[in-house]
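Encoded as structure tokens, the structure appears first; notes follow it.
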Amino acid sequence: MVTLRDALAAAVGHHQAGRLDAARPLYHSILRSQPGHPDALHLLGVLESQSGRPGAALPLLRRAVALLPGDADFLGNLARTLRAAGQPDAAERAFARTAALDPANVQIAFTLGSLRLERGDAAGAAAAFAQALSRRPDFAEARINRANALAALGRTEDAARLRRQAVALAPAHPDALHNAAVSALADAGMDRPVSHARRLDPARVERAGHALARALAADPRHGAAADALLGTALSLVQAGQAPEWLLERAAATALTVLRRNPRDTRAAAVVAYRFYRRGRTDLASRFMRRVSRRFTAAEVAADFELGLWSMVRAGARALDGLPDADSLLATFPPLNLLAEPPAGRGPLLAVSCDDGYYRRFATGLLDSVEAAGGGVAVHVHVVNPAPDTLADLARRRERLPLGYSREEVDFTGWDDHRRTTYYACIRFLRWHQLMARWGRPLLHLDADCTLAGGAAGNLDGLATLLEGSDVGLLRDARWRGPTREITVCFAAFQPTPLGRAFLGLTAAYIGTFLREGRGFWMLDQAAPFAVLDALSRREEGLRVRWFDVLDFPWVRFIGEK
């Protein structure tokens, strides 16, 4: 005669061998004979959970736990099934009871901590991981996750210490390496917005970058490590602090990411910046145009990097088909010249802004021009000036050699971005018009700057340095990208044939984008870069006088440059 003990042993044998269909009827036969058999209830519940049927498993496991509430195995399996069934509240309570019943069970404590961390209970998670580590100090994953919990609680130093310990315990563990890199990046200063005016700790950046590279070598599909590496590379490129080796490694990772997700724009941008760093902005531009075809126009406009790169055309033929600047002028409001600057052949300071910028900034610039003396001539162009602005210009004309003009634009239906882009860019079309009218050098300045006082602000010295050149440009030599390399807070245009051509092409480039409604912020810096790149590749012989944006003593710029 087969006893219940024999039947249970046979069922367990089938169960352990993976023959679930043979084990199930044996468990049921036991429960028909003894409905309250705790082991049969528990094991049948585990079998149903393993079969992907948590709805059938939970009543069985609950009955087993009710019969033996002090059995940690029963309670642990109920907790796991509750979690699989999408009942996190009940699962957490069950895991907590299991951990209390069996404090030596490291995996239960770890799972409890992981569940709490997923649910945003960083303090509870940290306590659970501490329990796991008290029993198994070499548990690297518990150290990693406790570090994450402590970081969420603001205990960054403790988190960093645990992450270093995890790497020491498991030097090839991708999670440990990724988390150690996160701590190193925070220590370097990347836990705050990165700015090119704030230098990061390069040693910590290097340590973090190498840790991310090792994590990806261990697991090329480690999404968090790839995301951290791409984000770090982009932030450092934009801040002018990206070391060559880091951008190289990030670009290799970006290609892997793009094979999995061709619409990952950050990965695409990293590849483009790598081409740019190699002096192949033409390849970067073509690459980003191909990537952009995967997106709608609205998606391109909404994505920061796609928007930037959509304005970059590079290569010897980048200007082919560009309309003449004069032919574009008819599509823009007319220039209304209200007062001519005094006649002469010397340089003319050229300032353009909207009415709000005039009141906020340009008045300060004009004050600095007046204080500097020397009789430098100025021309101010204002978009939609208020009567008070025109009255102020008229009064200043009594004290300064000053001319001014205006244009009236209907901005109905324009968003702030499109409007501010117009303000920033229309000046180049106006300078093209005025260069043709006056034929004298133009020293373009942003409205939000002032002339430096004393000898440093002597514009005669600047004019002397510009002699023999066609254009004078400010360069940011930190390789921050084609929309940041030429900084147009200052630019000089000489009335030479090539100087006029450079200004005319820049105006045409900008005018084409504005006319088509495709211009974004930094179009005014993308345009001269693209024109210069094309003319250089065509060996046109343009003579450029370069100035360093970080060492330009004639002007005080407002904000970071």
Side-chain angles (χ1 to χ4, degrees), residues 143-144 147-148 150-152 154-168 170-220 222-257 264-278 304-305 308 476-481 483-485 549-550 560-561:
R143 286 190 186 277
I144 294 168
N148 292 339
L150 294 178
R155 294 170 57 183
T156 54
E157 291 185 7
D158 291 335
R161 175 177 50 79
L162 283 167
R163 285 165 174 165
R164 289 192 295 270
Q165 292 170 353
V167 172
H173 195 300
D175 287 342
L177 291 163
H178 165 252
N179 281 280
V182 168
S183 286
L185 289 171
D187 291 343
M190 290 197 68
D191 56 340
R192 304 184 301 282
V194 179
S195 161
H196 48 276
R198 179 171 64 85
R199 298 299 300 175
L200 303 181
D201 184 330
R204 288 187 169 123
V205 170
E206 182 172 4
R207 186 166 71 243
H210 285 306
L212 291 172
R214 288 166 58 201
L216 289 164
D219 180 5
H222 197 288
D227 187 67
L229 183 59
L230 296 180
T232 298
L234 273 182
S235 295
L236 293 179
V237 165
Q238 293 160 6
Q241 300 182 51
E244 196 71 17
W245 68 266
L246 179 65
L247 190 54
E248 285 277 1
R249 186 65 184 83
T253 297
L255 291 172
T256 301
V257 170
D264 191 313
T265 59
R266 294 201 310 165
V270 167
V271 174
Y273 284 118
R274 186 66 197 99
F275 281 132
Y276 158 75
R277 280 280 187 97
R278 290 176 175 173
F304 179 73
E305 290 294 346
L308 283 186
D476 188 331
R478 293 171 290 184
W479 291 98
R480 297 174 59 218
T483 59
R484 302 177 183 91
E485 183 173 315
V549 70
L550 300 178
E560 297 174 358
K561 300 299 180 189

Side chain to side chain donor-acceptor pair (under 3.5 Å) filter on Thr483, not counting sequence neighbours, yields none
So salt bridge (Lys or Arg N to Asp or Glu O under 4.0 Å) across residues 223-243, not counting sequence neighbours, yields Asp227-Arg266
side-chain contact (heavy atoms from CB on, under 4.5 Å) between Leu246 and Leu229, worked out
CA-CA 8 Å; Leu246 179 65; Leu229 183 59; 3.5 Å; yes
Across all chains, not counting sequence neighbours, the side-chain contact (heavy atoms from CB on, under 4.5 Å) partners of Gln165 are Arg143, Arg161, Leu162
Using distance only, find each side-chain donor-acceptor pair of residues 175-182 under 3.5 Å and give its atom names and separation, not counting sequence neighbours.
| residue | atom | partner | partner atom | Å |
| --- | --- | --- | --- | --- |
| Asp175 | OD1 | His222 | NE2 | 2.7 |
| Asn179 | OD1 | Asn148 | ND2 | 3.3 |
| Asn179 | ND2 | Asp175 | O | 2.7 |

Sequence neighbours excluded, the answer for side chain to side chain donor-acceptor pair (under 3.5 Å) partners of Tyr276 is Glu485
With sequence neighbours left out, the residues meeting ring pair (Phe, Tyr, Trp, His ring centres under 6.0 Å) with His173 are none
Contacts of Val237 meeting side-chain contact (heavy atoms from CB on, under 4.5 Å) (sequence neighbours excluded), chain-then-number -> Ala242, Leu247, Tyr273
For Asp219, the side chain to side chain donor-acceptor pair (under 3.5 Å) test, sequence neighbours excluded, returns none
For Ser183, the side chain to side chain donor-acceptor pair (under 3.5 Å) test, sequence neighbours excluded, returns Arg163
Glu157 atom CD, over 12 foreign heavy atoms within 6.0 Å: no
side-chain contact (heavy atoms from CB on, under 4.5 Å) filter on Ala226, not counting sequence neighbours, yields Leu216, Thr253, Val257
All heavy atoms of Arg478 vs all of Arg277, minimum pair found to be O-NH2, 4.3 Å
d(Thr265 OG1, Leu308 CG) to nearest 0.5 Å is 11.0 Å
In short, Ala267 meets Ala254 closest at the heavy-atom pair O-CB, 3.3 Å
The complete set of salt bridge (Lys or Arg N to Asp or Glu O under 4.0 Å) pairs with one or both residues in residues 204-214, sequence neighbours excluded, reads Asp201-Arg204
Taken to the nearest 0.5 Å, the spacing of Leu236 CG from Leu200 CG works out to 6.0 Å
Salt bridge (Lys or Arg N to Asp or Glu O under 4.0 Å) pairs touching residues 247-257, sequence neighbours excluded, are Glu248-Arg274, Glu248-Arg278
